[in-house]
Amino acid sequence: MRLQNKSLDFVVNFLLGVAWATLFVGMISTFLSYYSESLLYAMIFGLFASLPGLIGILLLEYIITSRESYIQLQKQTHLLEQLLHKEDR
């Protein structure tokens with residue numbers, strides 16, 4: 001949980017947990033449903049069942065990473081502006 005102190009960050013972190021749960025529940029339940037037929041089918045269908053959770057995780061991680069880089073760029077811009085004002089004086 002890298003994002004903190006804001007309600008939007010709480011929602012993103014909550015949805016990230018939901019995406020992980022969706023991945024595991026989808027994979028395990030599908031695997032156990034098809035295990036009696038064939039191990040190969042169980043693994044293939046388990047992989048396909050876990051794809052929505054995996055896509056959700058990737059999307060939310062992209063959102064978190066882009067927000068972190070935006071915050072870092074804001075800090076760098078602020079520091080560069082301070083250096084520029086020091087040189088002007």
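Here the OG1-CG distance, from Thr77 to Leu84, works out to 12.0 Å after rounding to the nearest 0.5 Å. Annotation: the span from Asp9 atom CG to Ile63 atom CD1 amounts to 11.0 Å, rounded to 0.5 Å.
Listed by chain and number, the residues in a side-chain hydrogen bond (donor to acceptor under 3.5 Å, both in side chains) with Gln82 are His78 (sequence neighbours excluded). Applying the side chain to side chain contact (heavy atoms under 4.5 Å, CB included) test to Leu15 and every residue at least two apart in sequence or in another chain returns Val11, Leu60. For the side chain to side chain contact (heavy atoms under 4.5 Å, CB included) test, residues two or more places apart in sequence or in another chain that qualify with Leu40 are Ser38, Ile44. Residues meeting the side chain to side chain contact (heavy atoms under 4.5 Å, CB included) test with Gln72, sequence neighbours left out: Lys75. Residues forming a side-chain hydrogen bond (donor to acceptor under 3.5 Å, both in side chains) with His85 (at least two apart in sequence, or on another chain): none.
Proximity of Thr22 to Ile57: side-chain heavy atoms (C-beta onward) are nowhere separated by under 4.5 Å. Counting heavy atoms from C-beta outward, Val12 and Arg67 have side chains that stay 4.5 Å or more apart.
Formation of a donor-acceptor pair under 3.5 Å by the Thr30 side chain with backbone atoms of Met27 is not found in this model.
Taking all atoms of both residues into account, the shortest heavy-atom contact from Gly56 to Ala19 is C-CB, 4.1 Å. Heavy atoms only, all atoms of each residue included: Gly26 and Ala49 are closest at O-CB, 3.4 Å.
Hydrophobic clustering (side-chain heavy atoms under 4.5 Å, transitive across Ile, Leu, Val, Met, Phe, Trp, Tyr) keeps Met43 apart from Leu51. One hydrophobic cluster holds both Ile28 and Leu39 under the rule that ILVMFWY side chains link at heavy-atom gaps under 4.5 Å.
Here ring pair (Phe, Tyr, Trp, His ring centres under 6.0 Å) pairs that include residues 23-64, with residues two or more places apart or in two chains, are Trp20-Phe24, Phe31-Tyr35, Tyr34-Phe45.
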